[in-house]
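We count ligands from 1, going down the list as the structure has it; atoms in each ligand are counted the same way. Quick note: residue numbers are just sequence positions, from 1.
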Amino acid sequence: MRGNDLLVPARESPDASVTIGELLQRAANVVDRVDARWILQSVLNTDAAFLIAHAEQLLSTDQVAHFRQMLARRIAGEPVAYLTGERGFYDLVFEVTPDVLIPRPETELLVEMALSKIPSDRKCNVLDLGTGSGAIAITLARHRASTCVTAVDFSPGAMAVARRNARMHAVKNVVFIEADWFSSFTSEKFDVIVANPPYVAAGDPHLEEGDLRFEPLTALVAQDNGLDCIRTIIAQAPGYLEPSGWLMLEHGYDQADVCRELLAKAGFTHLFTRPDIAGTDRVTGGQYE
Ligand code: GLN
């Protein structure tokens, strides 16, 4: 039986009236319950509280058809964030498309670490390398009004998404630059540089699983066993940091030690590594004296 058929009990026609509660109940047999809720929220353009409060409400034939279409795509593996076109990150919701990596909860650690180094009472220059959806840059900008955030990505598709996200969140203190890492800078200096670069090794079996199958490989995979971009960023960052400026990077579960070695070799001190919410080493950084 195709998963989609489970939505329609045999005794009913596909167009038979169904309530919000019944539809979610049936969908939970074939996809994650939370995914089903997100999809229905998107179809009805509403929030989770509405679905709970109106579980008895009947849906229109069009709404059910739209839901079933999206559910079929989810069953085929498409990430729910690409289906609904959005994902919550830190305290905001961002537009996402297949041009950008879906913001991850573990990346919120990078935001927290960056905020701990960006004072709120004076102007700072912050750089976000490989901004993707702009989630990190825009969140930092929203939390530090006197900071100017420069957000760089080499993907025109990602830049377009990031710019729309900045408009949606009405941030005026982010500048977007389409460029490859530091290539567009000459004498610019930053107080804090953050990056969530691609760090998955080519051929890593995780790339064939779940959401990763649908995400841009350029945002996930780096040569040199996943370390190529991390090496480039650490090697070049000293040229673009103010004295005592900080560089911090998200990295893979087994890359903290090599990041610390590379940072030490490039002249960074006060090195730190922090675990994410799952307890995995996820962010490493240091200060350039
Ligand atoms: N954390 C992501 C994953 O493994 C990878 C993101 C990245 O390469 N920056 O799914």
Measuring only between side-chain heavy atoms, which start at C-beta, is Y288 closer than 4.5 Å to L247? no

Greater than 12 external heavy atoms within 6.0 Å of R33's CZ: no

Quick one: look at L212 and ligand 1, take heavy-atom pairs under 4.0 Å, and tell me if it's side chain, backbone, both or neither. side chain

Starting at OG1 of T218, measure out to CG of L101 and round the result to the nearest 0.5 Å. 9.5 Å

Nearest-contact summary for atom 3 (C) of ligand 1 - protein heavy atom, Å: R104 NH2, 3.6 Å

G226 heavy atom under 4.0 Å from ligand 1: no

The atoms of ligand 1 lying under 4.0 Å from a heavy atom of P197, numbered in the order shown, are 7 (C), 8 (O), 9 (N)

For the atom pair CD1 (I102) and CD (E215), what is the distance rounded to the nearest 0.5 Å? 4.0 Å

Heavy-atom contacts with P198 under 4.0 Å: which atoms of ligand 1 show up? List them by number with element. 8 (O)

Taking distance alone, with N or O pairs closer than 3.5 Å, would you say N196 contacts ligand 1? yes

For A222, which part has a heavy atom under 4.0 Å from ligand 1: side chain, backbone, both, or neither? neither

Closest protein heavy atom to atom 4 (O) of ligand 1, given as residue, atom name and distance to 0.1 Å: V200 CG2, 4.1 Å

So, T131 and D128: side-chain donor and acceptor under 3.5 Å apart, yes or no? yes

Listed partners of R164 passing side chain to side chain contact (heavy atoms under 4.5 Å, CB included), at least two apart: E95, T97, A160, V161, R167

Could you tell me which residues satisfy ring-ring contact (aromatic ring centres under 6.0 Å, His included) with F182, sequence neighbours excluded, listed by chain and number? Y240

Among all protein heavy atoms, pick the one closest to atom 8 (O) of ligand 1 and tell me residue, atom and distance. Y199 N, 3.3 Å

